[in-house]
Amino acid sequence: MTTLIAVGSWRGIGASTSALLLAAGAAATGEQAWLIEADPAGAVLASRADELAGGLAGLERVAFHSSGEPLRRELEGAARRLGDVSVVTGAWDSFQAWATVASPRQPWVEGLRRLDGVVVVDVGSLRGGGVPTWPIVEMADVLMMVTSPEPGSLTSTVAWMDAKGQSAPGVQGLSLDTSRLLVVDAPVATGARFTSDVAAELGGRFAGWWPWEPKVIDHLHRGGSLDHRAIRRFALPRAVTATFSSLTVDRHGAVGVSS
């Protein structure tokens with residue numbers, strides 16, 4: 001069975017690092033883990049991880065250079081390993097990245113459900129209408145919305161969730177309320193900040209509060225695993241695995257956050 005988790009943002013910090021962490025958290029619990037970089041603004045992981053640098057982006061290859069193989073095999077063939085995660089990188093150029101998602105020669109989104117294990121998809125910013133990653137958002141079991149503790153970012157993200165993603169009249173919203181809030185306590189703002197007490201107000205819609213620990217993130221970018229002893233003393237790996245473990249899959253394959 002495939003569990004599909006889309007990771008995006010409305011305002012504030014991006015979703016790329018959070019998507020990698022979540023995929024690594026799935027791998028640390030023994031799941032087969034995938035990370036698909038589908039951010040239409042351009043992927044960034046290949047520029048941060050040496051193992052993924054160089055060559056044609058995997059998702060671009062699947063979208064425009066079909067080998068005639070079934071979609072599952074094409075996605076598997078395009079993946080490269082980063083630690084315990086199979087990564088299909090996206091194009092770094094924004095024009096190519098947008099075309100890969102919005103107008104691929106070979107529609108590849110349906111192939112995500114054919115991959116085994118946990119598939120985490122970086123869908124980038126969901127601000128505005130006509131977002132090309134919306135079909136992925138709709139088919140995902142969970143949409144993880146990432147924000148910082150900065151009041152403007154957090155409150156506007158919650159308002160977006162309350163509206164089920166319908167940000168303006170005529171803009172398509174979520175058919176199901178699958179969104180959950182993930183707060184990453186990154187140093188991106190000064191002034192007032194929410195604390196983790198906000199979890200009590202959000203109940204089951206709150207997915208986790210992650211500390212910002214650059215050494216852990218650098219470890220993952222160098223191909224390390226989230227359960228490696230070198231980062232065992234840090235709080236971020238525990239927070240990530242707790243978030244992933246809080247996802248529950250019922251017998252129909254629907255995913256939610258346990259309260």
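Side-chain atoms are counted along with the backbone in the values below, which use heavy atoms only and exclude waters and symmetry mates.
- Listed for the T243 side chain is a donor-acceptor partner under 3.5 Å among the backbone atoms of A207.
- Of the possible polar contacts, one joining the E150 side chain to the S153 backbone as a donor-acceptor pair under 3.5 Å is found.
- A side-chain donor-acceptor contact under 3.5 Å links S66 to the backbone of G68.
- Nearest heavy atoms, T178 versus A140: CG2-O, 4.2 Å.
- W134 is listed as a side-chain neighbour of L174, based on a closest heavy-atom distance under 4.5 Å.
- Looking at R127, its side chain does come within 3.5 Å of a backbone N or O of W10 through a donor-acceptor pair.
- Here the CD1 atom belonging to I136 is positioned 8.0 Å from the CG atom belonging to L4, to the nearest 0.5 angstrom.
- Distance check: E37 CD to L59 CG gives 9.0 Å after rounding to the nearest 0.5 Å.
- For the pair R205 (side chain) and L181 (backbone), a donor-acceptor distance under 3.5 Å is absent.
- A single hydrophobic cluster is not seen to contain both V62 and W92; linkage of ILVMFWY side chains at heavy-atom distances under 4.5 Å, directly or through other members, places them apart.
- Each of I36 and F64 belongs to its own hydrophobic cluster when Ile, Leu, Val, Met, Phe, Trp and Tyr are linked at side-chain heavy-atom distances under 4.5 angstrom.
- When every heavy atom of L75 is checked against every heavy atom of V88, the shortest pair comes out as O-CG2, 3.7 Å.
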Verdict with supporting geometry, L112 and W34, side chain to side chain contact (heavy atoms under 4.5 Å, CB included): CA-CA 10 Å; L112 298 177; W34 298 83; over 6 Å; no

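- The two atoms that bring A49 and H221 nearest to each other are CB-O, 3.3 Å, heavy atoms only.
- Looking only at side-chain heavy atoms (C-beta outward), E51 and R81 stay at 4.5 Å or farther from each other.
- Residues L115 and Q32 are not in side-chain contact: their nearest non-hydrogen atoms beyond the backbone lie 4.5 Å or more apart.
- Side-chain atoms of D141 do not come within 3.5 Å of backbone N or O of I5 as any donor-acceptor pair.
- Residues L143 and L126 meet the side-chain proximity criterion, which asks for heavy atoms closer than 4.5 Å.
- The side-chain heavy atoms of F244 and E31, taken from C-beta on, include a pair separated by under 4.5 Å.
- Between atom CG of residue L35 and atom CG of residue L52 there is a gap of 9.0 Å, rounded to the nearest 0.5 Å.
- Between the side chain of E74 and the backbone N or O of S67, at least one donor-acceptor pair lies under 3.5 Å.
- Rounding to the nearest 0.5 Å gives a distance of 9.5 Å between CD of Q166 and CD of Q172.
- Judged by distance alone, with hydrogens and angles left aside, the side-chain atoms of W160 form no donor-acceptor pair with the main-chain N or O of R11 at under 3.5 Å.
- Side-chain contact between V198 and W209: present, with at least one pair of heavy atoms (C-beta onward) separated by less than 4.5 Å.
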Check against side chain to side chain contact (heavy atoms under 4.5 Å, CB included), L82 and L20: CA-CA 10 Å; L82 182 62; L20 173 60; 4.1 Å; yes

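- Residues P149 and V184 approach most closely at CD-O, 3.5 Å, considering heavy atoms.
- R114 places no side-chain N or O within donor-acceptor distance of the main-chain N or O of R72, the cut-off being under 3.5 Å.
- Exactly one residue among T241, I217, I231, D185 makes a side chain to side chain contact (heavy atoms under 4.5 Å, CB included) with L236. That residue is I217.
- Under the 4.5 Å side-chain contact rule for hydrophobic residues, V85 and V44 do not share a cluster.
- Here the side chain of R113 pairs a donor or acceptor atom with the backbone of M139 at under 3.5 angstrom.
- The CG atom of D39 lies 8.0 Å from the OG1 atom of T133; values are rounded to the nearest 0.5 Å.
- Atom OG1 of T147 sits about 9.0 Å away from atom CG of L182, to the nearest 0.5 Å.
- Side-chain contact between W210 and V146: absent, with no pair of heavy atoms (C-beta onward) separated by less than 4.5 Å.
- The closest side-chain donor-acceptor pair between R48 and S16, if any, does not fall under 3.5 angstrom.
- A41 and A97 make their closest contact through C-CB, 4.4 Å (heavy atoms, listed as atom of the first residue, atom of the second, distance).
- The shortest distance between side-chain heavy atoms of D177 and S179 falls below 4.5 Å.
- Between A63 and W108, the shortest heavy-atom contact is CB-CD1, 3.9 Å.
- There is no path of hydrophobic side-chain contacts, each under 4.5 Å, that joins W98 to V109.
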